[in-house]
Amino acid sequence: AQTVTQSQPEMSVQEAETVTLSCTYDTSENNYYLFWYKQPPSRQMILVIRQEAYKQQNATENRFSVNFQKAAKSFSLKISDSQLGDTAMYFCAFMKGTYKYIFGTGTRLKVLA
Amino acid sequence: EAQVTQNPRYLITVTGKKLTVTCSQNMNHEYMSWYRQDPGLGLRQIYYSMNVEVTDKGDVPEGYKVSRKEKRNFPLILESPSPNQTSLYFCASSFLTGTYNEQFFGPGTRLTVL
């Protein structure tokens, strides 16, 4: 069975600094998708970034980028120039072709002024 | 406005009293899904549906039922709620065509079972 592990329950970072959130997963599949979702205090789930496993190039969305290591089954999220609005819970998620999703337990990120 | 709506947003009920949480989307999405979120456990998928009359179990389907009679609606039914079903519930939807399509989430339903 697929699993997703986020080993950092809580993290903090100073405004304008860079922070990296870790995620590892376990699967025997070769084709799958990985995601990072943001959940601010409003509880709304917001897609931050996604990565297709067949793509070697790491995905980037403005200040957010991933380091995808397929062999190591690692999918970390880097947030550059952190802003107060980045304060949220971040979830890593895995999806295979059957559209079954597995989420990690989340990392609570606090950006400090 | 394209959106996923859930009702009610908050519900307090008692053990054994049947309830339904509605989910509706106006984006003509084929795929819909229900999740529950619990502290320390993240989101766990309850059921999902690839199209009308097509549903499948996620990781935690016990104690829940779903139906997909119309493309836009995907209600979650708790026939006999128990306190361990106290949770935050999310509905989500997306297209199926293409390489991948983003899931859009509803605002969540906070359920308390006493």
Side-chain angles (χ1 to χ4, degrees), chain A residues 1-10 21-27 29 31-55 57 59 61 68 75 88-109, chain B residues 1-6 9-10 23 25 27 29-51 54-61 66 68 74 87-111:
Chain A
Q2 288 85 5
T3 59
V4 175
T5 301
Q6 293 180 251
S7 58
Q8 306 151 314
E10 292 186 358
L21 280 57
S22 301
C23 174
T24 59
Y25 60 94
D26 186 26
T27 184
E29 303 280 335
N31 296 318
Y32 50 88
Y33 300 88
L34 294 162
F35 314 92
W36 279 99
Y37 282 90
K38 171 185 177 181
Q39 186 181 45
S42 66
R43 302 188 324 200
Q44 184 66 42
M45 293 290 289
I46 303 164
L47 178 65
V48 175
I49 199 166
R50 66 173 179 256
Q51 174 82 41
E52 293 90 338
Y54 64 86
K55 289 186 177 179
Q57 187 173 7
E61 289 287 343
F68 173 49
F75 183 61
M89 181 74 89
Y90 288 82
F91 292 100
C92 178
F94 167 99
M95 190 271 283
K96 62 178 183 178
T98 55
Y99 280 80
K100 190 170 181 178
Y101 284 81
I102 307 294
F103 281 76
T105 53
T107 295
R108 188 175 301 279
L109 176 68
Chain B
E1 179 189 357
Q3 59 183 347
V4 178
T5 57
Q6 295 179 226
R9 296 287 310 280
Y10 300 89
C23 174
Q25 49 92 7
M27 295 168 279
H29 287 163
E30 299 94 348
Y31 179 84
M32 297 186 75
S33 181
W34 276 103
Y35 300 88
R36 61 177 289 174
Q37 182 179 359
D38 302 289
L41 297 178
L43 277 78
R44 293 179 292 169
Q45 194 169 33
I46 302 171
Y47 271 96
Y48 60 98
S49 170
M50 307 280 273
N51 214 327
V54 180
T55 62
D56 209 345
K57 296 178 180 179
D59 279 342
V60 289
V66 293
R68 188 91 183 272
F74 191 45
S87 188
L88 177 61
Y89 291 86
F90 286 99
C91 180
S93 70
S94 75
F95 287 116
L96 281 178
T97 54
T99 303
Y100 167 75
N101 286 285
E102 176 183 351
Q103 275 196 110
F104 290 84
F105 281 81
T109 295
R110 172 74 70 184
L111 172 65

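As the structure is a computational prediction, the values presented were derived from the model and not from experiment. Below, chain A is the first sequence line, B the second, and so on; all start at residue 1.
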For B/Leu41, is it the side chain, the backbone, both or neither that has a heavy atom under 4.5 Å from a heavy atom of chain A?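 For B/Leu41, the contact with chain A is made by the backbone alone.
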Under 4.5 Å to a heavy atom of chain A? For B/Phe90 that would be side chain
Where does A/Gln6 contact chain B at under 4.5 Å (heavy atoms): side chain, backbone, both or neither?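 For A/Gln6, there is no contact with chain B at all, as no heavy atom is under 4.5 Å.
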Let me know if A/Ile102 has heavy atoms under 4.5 Å from chain B in its side chain, its backbone, both or neither. side chain
Nearest heavy atoms of B/Gln45 and A/Tyr101, plus distance in Å: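 For B/Gln45 versus A/Tyr101, the nearest heavy atoms are OE1-N, 2.8 Å.
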In terms of ring plane angle, is the pair B/Tyr31 and A/Tyr99 parallel, tilted or perpendicular, where the classes change at 30° and 60°?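 Ring orientation of B/Tyr31 relative to A/Tyr99: tilted.
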With under 30° as parallel and over 60° as perpendicular, where do the rings of A/Phe103 and B/Phe105 fit, or are they tilted in between?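 It falls in the perpendicular class, over 60°.
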Counting C-beta onward and ignoring hydrogens, is there a side-chain heavy-atom pair between B/Gln103 and A/Met95 closer than 4.5 Å?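 In short, these two side chains do not touch, never coming nearer than 4.5 Å.
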Any side-chain heavy-atom pair from A/Arg43 and B/Arg110 closer than 4.5 angstrom? yes
Distance (rounded to the nearest 0.5 Å) between B/Arg44 CZ and A/Thr105 OG1: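 That separation rounds to 11.5 Å.
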